[in-house]
Amino acid sequence: MNRFRPCLLIHHRHLHQLQNAGPLCSHLKSRSVIRFSGPETIKFLQGLLSNDVRRFGESPHEDNSPVVPPMYAALLTPQGRFLYDFFLYRQSRPEEKLDRNGSVEILADVDGSVLDELLATLKKYRLRSKVDIENVAEDFYCWQRYGRGLPEKTPSVEEPVAASVGWRGGDDRSGNSASHENDVGWKWFKDPRLDCLGFRGIFPSGTTPPLVESHKETDEEKYLLWRLEKGVAEGSTEIPKGEAIPLEYNFAGLNAISFDKGCYVGQELIARTHHRGVIRKRLLPLKFLDNNGKEVERKVTAGSEVINTASGKKTGSVTTAFGFCGMGVLRLEEAFKGSDSLTILGQEDIKVEAIRAAWWPSEWFRDQQHTAVA
């Protein structure tokens with residue numbers, strides 16, 4: 001299922017424009033914001049989510065306290081399948097101190113299309129925990145800042161303003177990192193998944209975030225294209241709820257999983273798969289081409305099966321299709337055996353080009369080689 005309607009598909013010329021564009025900003029209307037608060041907030045989230053949230057519970061220091069950077073995490077089924085993703089923020093304020101019970105307030109940016117279901121699931125797990133869970137989607141909006149003009153490395157040095165601009169304090173020209181100086185209020189943070197995804201933030205509704213120029217604000221579809229190029233899925237509409245295995249969707253590489261924390265829902269499958277050492281299928285960026293190598297649009301839909309005509313084997317399936325781009329979970333051995341051999345089942349005139357994402361860790365390529373000889 002696609003997040004956007006087919007009539008909104010962007011032609012290939014727009015992708016080429018995006019590749020050459022400077023920094024862009026998008027209000028992520030597909031995302032909503034919820035708030036956790038109460039003395040058992042950290043304990044509740046720690047036992048529920050895939051990442052280690054205990055650092056959100058550390059007491060801020062009196063002087064020069066860094067704001068805790070955001071975190072990406074997932075809620076899984078007891079069987080270890082994906083349900084929902086979370087971008088977690090603790091917006092520290094100068095006057096904030098943890099009380100004796102460790103109470104802390106955390107905001108979470110979540111998929112808005114499953115908001116009611118997500119809230120019901122969280123409240124089911126809450127039981128008697130002393131934590132309040134609120135829908136604050138009308139009070140806060142989610143934004144992403146991305147594009148070719150943003151640094152992928154050391155943004156605090158190359159772009160100090162973006163790394164430290166917030167609401168109440170103006171520009172922090174010392175700009176040590178996106179998480180320093182907790183007196184600047186709402187601000188941009190480095191995307192907790194990958195540097196190449198840019199900056200992300202939660203801002204009060206009805207306001208324009210810092211560094212958002214009117215001619216650089218654009219619709220969310222361009223952010224989707226940016227992610228497609230990187231092979232990064234987001235939300236329960238792109239990551240099949242109740243079916244997706246997080247490690248096949250590269251969650252370890254996206255900093256969404258802690259392998260050192262204690263138990264959480266679905267942890268057993270994640271740990272077993274991780275320690276086995278080889279992931280045979282992964283989410284990959286895809287392009288759809290005709291027999292002449294020309295990009296084809298609106299011909300492929302999510303759920304289409306990808307086959308390798310050379311071996312006759314099913315390679316995987318398309319999870320997201322948008323114009324001539326997409327993503328799919330494919331068997332690595334088949335996906336890179338010969339890209340000219342990949343086609344869409346029932347649409348053999350459409351070729352599929354599987355792409356190795358530039359951000360992939362080198363060990364994933366070794367995994368691929370081990371899979372090929374297994």
Among Y223, F203, W143, F140, exactly one meets ring pair (Phe, Tyr, Trp, His ring centres under 6.0 Å) together with H27. Which residue is that?
W143
Quickly, which of K287, R148, K222 forms a salt bridge (Lys or Arg N to Asp or Glu O under 4.0 Å) with E229? Name it, please.
R148
Any donor and acceptor pair, going by atom type alone, linking the side chain of S50 with main-chain N or O of A74 inside 3.5 Å?
yes
Is there a donor in the side chain of E220 and an acceptor in the side chain of S30, or the other way round, less than 3.5 Å apart?
yes
Test of understanding: clusters of I, L, V, M, F, W, Y form through side-chain heavy atoms closer than 4.5 Å, transitively. Do I133 and V110 belong to the same one?
yes
Ion pair check, D109 and R200, cut-off under 4.0 Å:
yes
Considering all heavy atoms of both residues, which atom of I257 and which atom of P246 are nearest to each other, and what is their separation?
CD1-CB, 4.3 Å
Nearest 0.5 angstrom please: T319 OG1 to L330 CG, how far?
8.5 Å
Point-to-point distance, once rounded to the nearest 0.5 Å, from CZ of R145 to OG of S26
12.0 Å
Spell out, as yes or no, whether a donor-acceptor pair under 3.5 Å connects the side chain of D191 to the backbone of G198.
no
Closest heavy-atom pair and its distance - G323, E297:
CA-OE1, 3.6 Å
If you round to the nearest 0.5 Å, how far is CG of D116 from CG of N135?
7.5 Å
I'd like to know if the side chain of N255 reaches the main chain of R193, judged simply by a donor and an acceptor atom lying under 3.5 Å from each other, with no hydrogens or angles considered.
yes
Quick one: does E105's side chain have a donor or acceptor within less than 3.5 Å of a partner on S37's backbone?
no
Can you tell me how far CE of M71 sits from CG of D52, rounded to the nearest 0.5 angstrom?
6.5 Å
Between K241 and E117, is there a salt bridge with N-O shorter than 4.0 Å?
yes
If you count heavy atoms of other groups shown closer than 6.0 angstrom to CD of E348, is the number above 12?
yes
Check: Y72/D85 side-chain N/O donor and acceptor closer than 3.5 Å:
yes
Check whether F336 forms a cation-pi arrangement with R356 (NZ or CZ under 6.0 Å from the six-membered ring centre, at most 45° off the ring normal).
yes
Can you name the nearest heavy-atom pair linking S258 to N51, along with the distance?
CB-OD1, 3.7 Å
Between the side chains of E238 and Y249, is a donor N or O closer than 3.5 angstrom to an acceptor N or O?
no
Is there a path of hydrophobic side-chain contacts, each under 4.5 Å between heavy atoms, that joins F199 and W186?
yes
So, N292 side chain and K294 main chain: donor-acceptor pair closer than 3.5 Å or not?
no
Are E134 and R35 within salt-bridge range, i.e. N to O under 4.0 Å?
yes
Test item: side-chain donor near acceptor, D111 and S113, under 3.5 Å
yes
Closest heavy-atom contact between A302 and A321?
N-CB, 4.1 Å
Are Q347 and S304 linked by a side-chain donor-acceptor pair shorter than 3.5 Å?
no
If I take atom CG from residue L283 and atom NZ from residue K230, how far apart are they, to the nearest 0.5 angstrom?
14.5 Å
Counting only heavy atoms not in K43, do more than 12 sit closer than 6.0 Å to its NZ atom?
no
Would you call E248 and R282 a salt bridge, using N to O less than 4.0 angstrom?
no
Answer yes if V278 and I245 sit in the same cluster of Ile, Leu, Val, Met, Phe, Trp and Tyr residues linked by side chain heavy atoms under 4.5 Å apart, and no otherwise.
no
Taking a hydrophobic cluster as the set of Ile, Leu, Val, Met, Phe, Trp and Tyr residues connected by side-chain heavy atoms closer than 4.5 Å, whether directly or through intermediates, do L88 and L115 fall within one such cluster?
yes
Walk me through it: do F56 and Y89 pass the test ring-ring contact (aromatic ring centres under 6.0 Å, His included)?
CA-CA 8 Å; F56 286 119; Y89 300 79; 8.7 Å; no
Checking L342 against I307 for the side chain to side chain contact (heavy atoms under 4.5 Å, CB included) test, could you report, in this order, the C-alpha distance in whole Å, the side-chain angles of both residues, the deciding distance, and whether it holds?
CA-CA 6 Å; L342 299 181; I307 60 171; over 6 Å; no
If you measure from CG on L49 to CG on L76, what distance do you get to the nearest 0.5 Å?
8.5 Å
